[in-house]
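Side-chain atoms are counted along with the backbone in the values below, which use heavy atoms only and exclude waters and symmetry mates. Chain naming here is simple, since letters A, B, ... match the order of the sequence lines and numbering starts at 1 in each.
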There are 2 protein chains.
Amino acid sequence: MKSTIPDIGVPIAPPATNGGDREAASLHGEILLRLRDYVVEGNIPDGARVPERQLCEMFGISRTPLREALKVLAAEGLIELLPNRGARIRQLSQRDLEELFDVMAGLESLAGRLACEAITDEEIAAIEQLHYEMYGHYLHRDMHGYFQANQRIHESIVAAARNETLKTAYTSFAGRIRRVRYSANFARKRQRWAEAMREHEAILDALRRRAGSELSDILFQHLRNKRTAAIEHLTEPQEDAPASP
Amino acid sequence: MKSTIPDIGVPIAPPATNGGDREAASLHGEILLRLRDYVVEGNIPDGARVPERQLCEMFGISRTPLREALKVLAAEGLIELLPNRGARIRQLSQRDLEELFDVMAGLESLAGRLACEAITDEEIAAIEQLHYEMYGHYLHRDMHGYFQANQRIHESIVAAARNETLKTAYTSFAGRIRRVRYSANFARKRQRWAEAMREHEAILDALRRRAGSELSDILFQHLRNKRTAAIEHLTEPQEDAPASP
DNA sequence: ATGACAAAAAATGAATGCAAAATAAGCACT
DNA sequence: AGTGCTTATTTTGCATTCATTTTTTGTCAT
């Protein structure tokens, strides 16, 4: 019986650029970074089988370091390792996505709370800057610009929490849902978009007042609403966002 | 130059009991489970070097599956892999601990919020049961019993959140601080102990009312206070808890 | 004795080899 | 032609081997 799950094409990884060589002293370390990026960026279709042999040829290495990297990616939840049957890109069920969104919401909520304890006026000013930039994109119905500014605001809050452990976890979970995250934002209906802007006003306000507990609540609810939009988007066909106001 | 960091003794892992054989189809999988447990349980001193050769002999396997397990444990933050210099039990700085406690606080805070959405009356009743049990241990100054009941209450809340992703993350982070967690509880001064009991009253109350946002706040603050106690314990010598009332 | 240097021993990182399992191919049969 | 079985090929899991790097040990000089 032929599996309906597609296999990947031939060259999956960029040659050997090693973009900004981050922390790759060892071979398995570099492979880990490259393979993780490639998977997170969604270059391999969901559920696709990723045979060791093929990957080895792609990266030009032997199976040992590759297998080590695969084990780590599996532990991170990006791929699945079926006994004696190789690696597959992990396919997230709707429930998985709901859970991931909620955990992300919890982490950002925590980040907001912690940020209020440590954030500087300068950092708040920078976030205000991003906020108004984002508002501009909103007015111009520039989804891409809006999305990027939005992303940077949330990252700034996480950074202001001054907690590397939190940041690492946040990044890891974000990687898992990265594919849908983008489309989730695009899926926003105008109504929801306006709502999101209002929520961001409240976020900024609470942050200015360093109201940790309040900000925590607002952020959770904000992410919760995002989750709802994303799930709806994946379930039913969504209304297209207009290209211009 | 001889390192001051101690090496581990000889036999580190239980023969091959495979307690309740959880998910070990493959050899590296079983090694991963056994080694993780052993490390989490604190059987190897902090910062101790864990040479591959020795571990291989202990488990009676070759280096390949062991190295795969080590990579995963390193990704989980339990050990460190120094390039060309082997594996060590990761030594947590005070800052690391603070960060970990805060992340745990965030996760439990999230768990409380989610639990309020889904928890059944029966589950609440079970937690009440544990609560009174814990109160009994408190009255009898039974630290060990108190600690266990306390642990189970927090686990019950996480379970009631109905989020496997959250639960997995929670368990993983809990593993990292497990050594200190125990002594942190023992380190409680009587004043703090009474305070913790009052906080637990509030937790139960909010849970009964399904007041998610409120419970989220209380849980965060509760864990924050725990963190303070734990850090103090590690910094300065602590007052001993009396053995009997 | 103490310190520096050099050689030996051991440990790590990665590649290769081999047995078992899974997948695919071939073939008879209805 | 389609289905069920047998055989061949591929793939995976683990052990073993090889090349470097690190660590230890031993020797000599100060």
Side-chain angles (χ1 to χ4, degrees), chain A residues 1-10 12-13 16 18 21 23-35 44 47-75 79-90, chain B residues 1-10 12-13 16 18 21 23-35 44 47-75 79-90:
Chain A
M1 178 178 58
K2 183 80 171 73
S3 167
T4 59
I5 297 173
D7 277 29
I8 59 176
V10 186
I12 75 155
N18 196 359
D21 55 24
E23 47 146 318
S26 54
L27 196 43
H28 70 259
E30 191 196 310
I31 296 303
L32 178 59
L33 292 176
R34 286 216 275 159
L35 192 53
I44 314 181
R49 193 173 162 195
V50 186
E52 292 177 7
R53 175 121 175 62
Q54 209 163 345
L55 288 172
C56 289
E57 284 174 10
M58 290 166 191
F59 290 111
I61 57 164
S62 80
R63 285 174 53 217
T64 308
L66 180 89
R67 284 175 56 85
E68 291 171 351
L70 286 177
K71 297 286 178 300
V72 173
L73 292 185
I79 65 174
E80 274 175 328
L81 292 180
L82 294 85
N84 292 319
R85 306 176 69 233
R88 292 174 183 258
I89 301 301
R90 180 162 171 205
Chain B
M1 179 177 57
K2 181 81 173 70
S3 168
T4 60
I5 296 174
D7 275 29
I8 60 177
V10 185
I12 75 155
N18 196 359
D21 54 25
E23 45 146 321
S26 55
L27 196 43
H28 69 261
E30 191 196 311
I31 295 303
L32 177 60
L33 293 175
R34 287 216 274 160
L35 193 53
I44 313 180
R49 194 172 163 193
V50 186
E52 292 178 8
R53 174 119 176 63
Q54 208 163 345
L55 289 172
C56 289
E57 283 173 11
M58 290 165 192
F59 290 111
I61 57 165
S62 81
R63 286 174 52 218
T64 309
L66 180 88
R67 284 174 57 83
E68 291 171 352
L70 286 177
K71 297 287 180 302
V72 173
L73 292 185
I79 65 174
E80 274 176 326
L81 293 179
L82 294 85
N84 293 319
R85 306 180 62 232
R88 289 170 186 259
I89 300 299
R90 181 164 170 202

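Annotation: the span from A:Leu73 atom CG to A:Leu35 atom CG amounts to 5.0 Å, rounded to 0.5 Å. Between the CD1 atom in B:Ile44 and the CD1 atom in B:Ile79 there is a gap of 9.0 Å [rounded to 0.5 Å]. Note that the CD atom of B:Glu68 and the NE2 atom of A:His28 stand 11.5 Å from one another [nearest 0.5 Å].
Closest contact between the side chain of B:Arg49 and the listed nucleotides C:dT16, D:dC14, C:dT12 involves C:dT12. Nearest nucleotide to the side chain of B:Ile61, out of C:dT12, D:dA15, D:dT12: D:dA15.
Atom CD of A:Glu30 and atom P of C:dG13 are 16 Å apart (whole Å). Atoms CZ (B:Arg63) and P (C:dA11) sit 10 Å apart, rounded to a whole Å. Atom CZ in A:Phe59 sits roughly 14 Å away from atom P in C:dA14 (whole-Å rounding). B:Leu32 places its CG atom 14 Å from the P atom of D:dG13, with the value rounded to the nearest Å. The separation between A:Lys71 atom NZ and D:dT12 atom C1' is 9 Å, rounded to whole Å. Straight-line distance from the CZ atom of A:Arg67 to the P atom of C:dA14: 15 Å, rounded to whole Å. To the nearest angstrom, P of C:dA14 lies 11 Å from CG of B:Leu81. Spacing between atom CG of A:Leu66 and atom P of C:dT16 amounts to 14 Å, rounded to whole angstrom units.
The side chain to side chain contact (heavy atoms under 4.5 Å, CB included) search around A:Glu52 returns A:Arg63, A:Leu66, A:Arg67, A:Leu70, not counting sequence neighbours.
Considering only side-chain N and O atoms, A:Arg53 lies nowhere under 4.0 angstrom from the phosphate OP1 or OP2 of D:dT12. Phosphate contact (OP1/OP2 of C:dG13, side-chain N/O of A:His28, threshold under 4.0 Å): absent.
For A:Arg85 against D:dG13, a side-chain-to-base donor-acceptor contact under 3.5 Å is absent. The base of D:dA15 lies close enough to the side chain of B:Thr64 for a donor and an acceptor atom to sit less than 3.5 Å apart.
Between A:Ile61 and A:Leu27, some side-chain heavy-atom pair lies under the 4.5 Å cut-off.
In terms of position along DNA chain C, the nucleotide closest to B:Gly86 lies nearer the 5' end than the nucleotide closest to the other residue of the pair A:Asn84 and B:Gly86.
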